[in-house]
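Take a look at the structure set out below.
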Amino acid sequence: SVRLQLDAAIEERDHDALREWRAWADAARTERLAAIAARLAGPAPTPDDRRAARVELNALRYLERMAEQLAAAETGP
């Protein structure tokens, strides 16, 4: 799973893997932002659009926390 692989890279201070995870997280963040914008772009988003945007926002929050952990691991002791 993503979480287990990320935790292993952090624990091992595997800088190559951390860079790859950073790139993956950045790309996933861009995709989530585009999905949110697409769902909310219309003049009157439907309840389903708003619900889907909330799901994407939750995924985005997860990615932001992941990015914080990656940053801490890359600059940590």
Side-chain angles (χ1 to χ4, degrees):
S1 83
V2 169
R3 183 80 248 170
L4 292 176
Q5 291 176 28
L6 176 63
D7 286 344
I10 290 171
E11 185 176 318
E12 296 167 6
R13 300 267 189 235
D14 183 341
H15 293 287
D16 290 335
L18 292 173
R19 275 191 294 279
E20 288 175 17
W21 280 115
R22 167 70 76 178
W24 178 86
D26 289 345
R29 181 180 183 276
T30 299
E31 290 172 15
R32 297 291 163 246
L33 288 170
I36 293 165
R39 287 292 187 167
L40 301 177
T46 66
D48 285 341
D49 287 332
R50 291 191 299 272
R51 224 178 339 272
R54 280 193 299 275
V55 169
E56 295 294 341
L57 282 169
N58 287 337
L60 184 59
R61 280 190 211 93
Y62 177 83
L63 290 166
E64 293 296 334
R65 286 191 300 274
M66 176 189 277
E68 290 170 6
Q69 290 176 329
L70 285 164
E74 291 171 339
T75 61

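In this structure the side chain of E56 never reaches within 4.5 angstrom of the side chain of L60, judged on heavy atoms. No side-chain heavy atom of W21 sits less than 4.5 Å from a side-chain heavy atom of Q69. Side chains of R3 and D7 form a contact here, defined as non-hydrogen atoms less than 4.5 Å apart.
Evaluated for a side chain to side chain contact (heavy atoms under 4.5 Å, CB included) with R39, the options D49, T46, L57 yield exactly one hit, D49.
Identified under the ring-ring contact (aromatic ring centres under 6.0 Å, His included) test for residues 33-53, with sequence neighbours left out: none.
Contact check on D48 versus R51 returns a salt bridge, with a Lys/Arg side-chain nitrogen under 4.0 Å from an Asp/Glu carboxylate oxygen.
Taking OH of Y62 as the start and CZ of R32 as the end, the distance is 12.0 Å to the nearest 0.5 Å. Once rounded to the nearest 0.5 Å, the distance linking CZ of R22 with CZ of R29 reads 10.5 Å.
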Could you please spell out the steps behind the side chain to side chain contact (heavy atoms under 4.5 Å, CB included) verdict for L70 and M66?
CA-CA 6 Å; L70 285 164; M66 176 189 277; 4.0 Å; yes

Could you go step by step and tell me if R19 and E74 meet the salt bridge (Lys or Arg N to Asp or Glu O under 4.0 Å) rule?
CA-CA 8 Å; R19 275 191 294 279; E74 291 171 339; over 6 Å; no

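Under a hydrophobic clustering in which Ile, Leu, Val, Met, Phe, Trp and Tyr are joined whenever their side-chain heavy atoms come within less than 4.5 Å, directly or via other members, L18 and V2 fall into the same cluster.
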